[in-house]
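What follows is one structure encoded as structure tokens, with my remarks underneath.
Quick note on labels: first sequence line is chain A, next is B, and so on, each numbered from 1. Only a predicted model underlies this, so the values are computations on that prediction, with no experimental measurement involved.
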Amino acid sequence: MTRLATFNVNSIRRRVPHLRRFLARHNPDLVFLQELKCRTEEFPALELADTGYELRAVGQPGGRNGVAVLGRIPFEVTAETLPGDEADGQARFVAVRAAGMDLAGIYLPNGNSGGEDGFGYKLRWMERLADWVQARLDAFAPVAVLGDFNVCPTDADLAPGALPPTDALVRPESRARFRMLLHAGMTDALQALHPQDAPYTYWDYGPAFESNRGLRIDHVLLSPELAERLVACGVDVAARAEEQPSDHAPVWCDVR
DNA sequence: ATGGCTAGAGAGTCTAGA
């Protein structure tokens, strides 16, 4: 059994205790982090050294974006950029090979800033992600994509009225590109195991959590072989109820 | 439909998040 997880920490330097508690509660074999909001060399590796996890951080100057992977099983980093993103300097992608799987941790562009250019960047990023996935599906590789997709796949994936229909997280163009991944053969693990009761993974700061006005935007997508091996998937909603939490909750899944 | 939070940068309020 392998447990995979994803957690948008909204600043790793503010969330070390939360991450440590998540690791202790759920003991994932591999966890991808998003929104480090620090440079690579600022990642608080020493504060996590005693957890026994190996880590690779991909940070970015300016306190934006940033992704990382932590593993208590061996992993090999195969990419730190999504093909096509090499020049833009945004730390949004890390890929590893572990336990015979090709795994990507992603922080997909939000798409609400920068006008139509910003939204176009999001859509093109999603198309490049689909290319990355398709290449591995064509090779029949077991592949999983975990992370903050910044997309509510359907209207069931957000509290009614939580976002206007013009928001980049719910716009039809964003949803169409998410469906491209599903049509290629990927399975939304949480939706597959919890078709009627998939929890949200994000709640805005303020009163949103107590009233459960949330969004489901953090996802685990599995290739067909991995989907057949999927046995459990969940959201660690308790993490969102802690003191000074991230606005996201971790998502985890188990594959045989 | 946000910014009523939160975080970062950096020194006054911006930008960005979703």
Roughly how many Å apart are [M] and [N], using the [atom1] atom of each and rounding to a whole number?
N	M	atom1	value
B:dG4	B:dT13	P	16 Å
B:dG10	B:dT15	C1'	13 Å
B:dG12	B:dA1	C1'	27 Å
B:dA18	B:dA7	P	13 Å

By the 4.0 Å heavy-atom rule, please label [X] as base, sugar-phosphate, or nothing.
X	value
A:Leu163	nothing
A:Ala168	nothing
A:Arg15	sugar-phosphate

Taking for A:Pro164 and for A:Arg14 the nucleotide of DNA chain B with the nearest heavy atom, the one nearer the 5' end belongs to A:Pro164

Nearest heavy atom decides the nucleotide; on that basis, is A:Pro245 or A:Thr166 closer to the 5' end of DNA chain B? A:Thr166

Polar atom pairs between nucleotides 11-17 of chain B and protein, under 3.5 Å, N or O only, would you list them?
residue	atom	partner	partner atom	Å
B:dG17	OP2	A:Ser113	OG	2.7

In whole angstrom, give the distance that lies between atom [atom1] of [X] and atom [atom2] of [N].
X	N	atom1	atom2	answer
A:Leu33	B:dA7	CG	P	16 Å
A:Asp218	B:dA18	CG	P	9 Å
A:Leu36	B:dT6	CG	C1'	17 Å
A:Ile12	B:dT6	CD1	P	19 Å
A:Glu210	B:dG4	CD	P	18 Å
A:Asp167	B:dG3	CG	C1'	13 Å

Looking only at side chains, do A:Lys37 and A:Asn10 share a donor and an acceptor under 3.5 Å apart? yes

Between A:Asp254 and A:Arg3, does any side-chain N to carboxylate O distance fall below 4.0 Å? yes

For A:Trp132, does the six-membered ring have the charged nitrogen or CZ of A:Arg136 within the cation-pi criterion, i.e. under 6.0 angstrom from the centroid and within 45° of the normal? yes

Are the aromatic ring centres of A:Phe178 and A:His219 under 6.0 angstrom apart? yes

Working note: A:Glu173 + A:Lys122, criterion salt bridge (charged side-chain N to carboxylate O under 4.0 Å, His left out); need CA distance, chi angles, decisive distance, verdict. CA-CA 10 Å; A:Glu173 300 94 325; A:Lys122 173 181 192 155; over 6 Å; no

Using 30° and 60° as the class boundaries, would you call the ring planes of A:Tyr200 and A:Trp203 parallel, tilted or perpendicular? perpendicular

Does B:dA7 have its OP1 or OP2 closer than 4.0 Å to a side-chain nitrogen or oxygen of A:Arg13? no

With a 6.0 Å cut-off (strictly less than), is the heavy-atom count around CD of A:Glu54, excluding the residue itself, greater than 12? no

